[in-house]
Amino acid sequence: MNHELKDKAARGFAWGMLNNGAVQVLGALIGILLLRRLDTTDYGKITMLMVFASLGSVLQEGGFIAALCNLKVRTHRDYNAVFWLQAAIGTSLYIILFFCAPLIARFYNIPELTWLARFLFLGFFFSSLGTVQRAYLFVNLMNREMCIVNIVAVVLSGCVSVAMAWTGCGYWSLAAQNVLYILFVAILSWYYSPWRPSFQIDIRPAWKMFGFGCKLLLTNIVNTLSSNILGLLLGRFYGEHQTGIYGTARKWDDMCANTINGMLTGVAQPVLSRVTDDNARYRKVFRKMLRFVSFISFPCMLGMGLIAREFLLLVVGQKWEESAMLLSMLSIYGAIFPLATLYSQMTISQGRSSINLWNTVCLSALVILGLIVLIPYGIYAMVVYFICLNLIWLFVWQFFAWRLIRLSLWDALRDVLPFLVISLAVMSFTWWVTRPIENILCLLICKVVLAAALYLGIIYLSGAKIMREALQFVLHRTVQMDE
């Protein structure tokens, strides 16, 4: 059983890396084509609606994927109950938001948002029909299948979106990309999942899971609000242009961070849930994941901040230069986001979703309150506050790690700080050395090559074991998760 878990974790991480890496690279290529064709106001409109779309998505999913994962034994009745409940929720949610769309348009004083919102919110209904199939793939660590699903969905929805943008459809092309991606994911999840619903409808097993799932639902609602509140406030008080500038920076930051985060979430909870009976082993597995995430996240995200201006100027043009500074700032948040996610997964796998809920509620309340207070001071002050608060809150997560699995702050710092310090030193040195270079393309290449060489060289010379383990992931070899 030990060997099986290690092998599944290793293959899960490997496929997770391929899945998220390929999806984000393809998404980036499609995004570049769209950014070159569309303007800031097109992205501004979509960013304004994303808080409602994200909230609807969270309400529709309801925390049932994690709840199913945490069941020791899952039966057809469990899956069937969740399927029919999800279908009912998704349909009801779309009908409600369909009639609320004019109110959203009135809130922003942009009439054309009414039908744009009604089209974008179709994603709730499509997603509800594939939730259980996605849960089946997730619970059974079918990462290869999830990889294929996501890649095909990104390619198909992206091709349609780019074609629409080139024929002058504007912001409708962005909405189509979102809706079609969800639809294709649902269809392909049905194809790869062997489970099928029956018409013997009994939702009682789903209600039994609701005690666990509702806490995750509330957590995700609050977390979604805090994550998207800045876009909502900018749309209401600063207009489409500023919202589009921020939305573009946030999109690229999320794209990079979600590559790492998606790789983690596809494996963390299923693996951690299987070792909860052995606290010492659980702590070792968690620390291994903490080191791996730090090894990847800090250089990638801080490196993104280092090259933000050159990257945007080269790939999407001068009109998006305003997003560069925001992208550099948000890359700090992107670097710590996977760590916060790992701590969150730890509380969930321990069956303590209430801790996850109240921790997220408190953080989100402070985020929302602070951003509202800072509205008169502009977007940069709001972004700085958002980043600093999330950074400080890692220590709150660590406190609960000590309470639940007896992971001390000292041990956590030993796992995280070396990679953070090396990454900061490498990025600072690279920035200083490359300052005289004036050619944008040459500057970008020099920054990437020098930073990557320095970081990997220092890690190798320091004898960090995590580098060997990362290579083992790539080579599909078993990782000793509990060493």
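For reference, positions follow the sequence shown, starting with 1. Just so it is clear, the values below take in all heavy atoms, side chains as well, and ignore hydrogens, waters and symmetry mates.
- Side-chain atoms of S364 come within 3.5 Å of backbone atoms of T360 as a donor-acceptor pair (strictly under, hydrogens ignored).
- A distance of 8.0 Å separates OG of S173 from CD1 of I46, quoted to the nearest 0.5 Å.
- With respect to I148, the side chain to side chain contact (heavy atoms under 4.5 Å, CB included) criterion is satisfied by exactly one of N150, V152, I151: V152.
- In this structure, Y136 and Y79 have tilted ring planes: the angle between them lies in the 30° to 60° band.
- For the pair I379 and Q242, the tightest heavy-atom approach, listed with the atom from each and the gap, is CG2-OE1, 4.2 Å.
- Remark: N390 CG to L366 CG distance equals 10.5 Å, nearest 0.5 Å.
- Atom-to-atom distance recorded for E321:CD and E310:CD is 10.0 Å, nearest 0.5 angstrom.
- I296 has its side chain out of reach of F419: every pair of non-hydrogen atoms, C-beta onward, lies at least 4.5 Å apart.
- Considering only heavy atoms from C-beta on, L34 comes within 4.5 Å of Q177 through its side chain.
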Inset, instruction - Start with the C-alpha gap between W172 and F119, add the side-chain angles, then the distance that decides, and say whether side chain to side chain contact (heavy atoms under 4.5 Å, CB included) holds. - result: CA-CA 9 Å; W172 286 102; F119 175 71; 3.7 Å; yes
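- Across all non-hydrogen atoms, the minimal contact from A340 to W397 is CB-NE1, 4.2 Å.
- Listed here is the closest heavy atom pair of T248 and S323: CB-OG, 3.8 Å.
- Using cut-offs of 30° and 60° for the angle between ring planes, the F311 and W252 rings count as perpendicular.
- Side-chain contact between L404 and M346 is present, with heavy atoms from C-beta onward closer than 4.5 Å.
- Here OG of S161 is found 10.5 Å from CH2 of W166. Values are rounded to the nearest 0.5 Å.
- Here the straight-line distance linking atom OH of Y43 with atom CD1 of I245 works out to 11.5 Å at 0.5 Å rounding.
- Applying the ring pair (Phe, Tyr, Trp, His ring centres under 6.0 Å) test to Y171 and every residue at least two apart in sequence or in another chain returns nothing.
- By the 4.5 Å heavy-atom criterion applied to side chains, I110 and M48 are counted as neighbours.
- Panel note: side chain Y94, backbone R118; a donor-acceptor pair is recorded below 3.5 Å.
- Formation of a donor-acceptor pair under 3.5 Å by the N109 side chain with backbone atoms of A105 is not found in this model.
- The environment of Y191 atom OH is sparse: at most 12 non-hydrogen atoms of other residues, nucleotides or ligands sit within 6.0 angstrom.
- Crowding of Y377 atom OH: a count of heavy atoms from other residues, nucleotides or ligands under 6.0 Å not exceeding 12.
- By the 6.0 Å contact criterion, CH2 on W358 is open, its count of non-hydrogen atoms from other residues, nucleotides or ligands being 12 or less.
- Shown here are the side-chain hydrogen bond (donor to acceptor under 3.5 Å, both in side chains) partners of W393, two or more places apart in sequence or in another chain: N359.
- Looking at Q86 and T131, their side chains do bring a donor and an acceptor atom within 3.5 Å of each other.
- Closest non-hydrogen pair, L49 versus I104, comes out as CD2-CG2, 3.7 Å.
- Taking each heavy atom of M164 and A176 in turn, the nearest pair found is SD-CB, 3.5 Å.
- A distance of 8.5 Å separates CG of L116 from CZ of F121, quoted to the nearest 0.5 Å.
- The aromatic rings of F286 and Y282 sit parallel, their planes meeting at an angle under 30°, below the 60° perpendicular limit.
- Proximity of the aromatic rings of Y333 and F386 is defined here by a centroid distance below 6.0 angstrom, and this criterion is met.
- Judged by distance alone, the side chain of T47 and the main-chain N or O of G244 form no donor-acceptor pair under 3.5 Å.
- Counting heavy atoms from C-beta outward, D253 and M301 have side chains that approach closer than 4.5 Å.
- Judged by a 6.0 Å distance limit and a 45° cone about the ring axis, R236 is not positioned over the six-membered ring of Y108.
- At least one side-chain heavy atom of P197 sits under 4.5 Å from a side-chain heavy atom of W195.
- Scanning for side-chain hydrogen bond (donor to acceptor under 3.5 Å, both in side chains) contacts around Q398 gives Y343, with sequence neighbours left out.
- At a threshold of 4.5 Å between non-hydrogen side-chain atoms, the residues S328 and R309 do not count as touching.
- Contact annotation: the side chain of M329 approaches that of Y380 to within less than 4.5 Å [non-hydrogen atoms, C-beta and beyond].
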Inset, instruction - Go through V285 and M289 one step at a time and tell me if the side chain to side chain contact (heavy atoms under 4.5 Å, CB included) criterion holds. - result: CA-CA 6 Å; V285 172; M289 291 183 174; 4.1 Å; yes
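- No donor-acceptor distance shorter than 3.5 angstrom exists from the side chain of S297 to the backbone of S294, with no hydrogens or angles considered.
- A pairwise comparison of heavy atoms in S331 and G305 identifies OG-CA, 3.4 Å as the closest pair.
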Inset, instruction - Could you give me the CA-CA distance, side-chain angles and deciding distance for F292 and K288, then say whether side chain to side chain contact (heavy atoms under 4.5 Å, CB included) is met? - result: CA-CA 6 Å; F292 184 78; K288 181 65 65 69; 5.7 Å; no
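- At least one donor-acceptor pair under 3.5 Å links the side chain of N80 to the backbone N or O of S198.
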Inset, instruction - Please test V155 against F184 for side chain to side chain contact (heavy atoms under 4.5 Å, CB included), starting from the C-alpha separation and ending with a verdict. - result: CA-CA 10 Å; V155 171; F184 290 137; over 6 Å; no
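- Without hydrogens or angle criteria, R196 side chain to W190 main chain gives a donor-acceptor distance under 3.5 Å.
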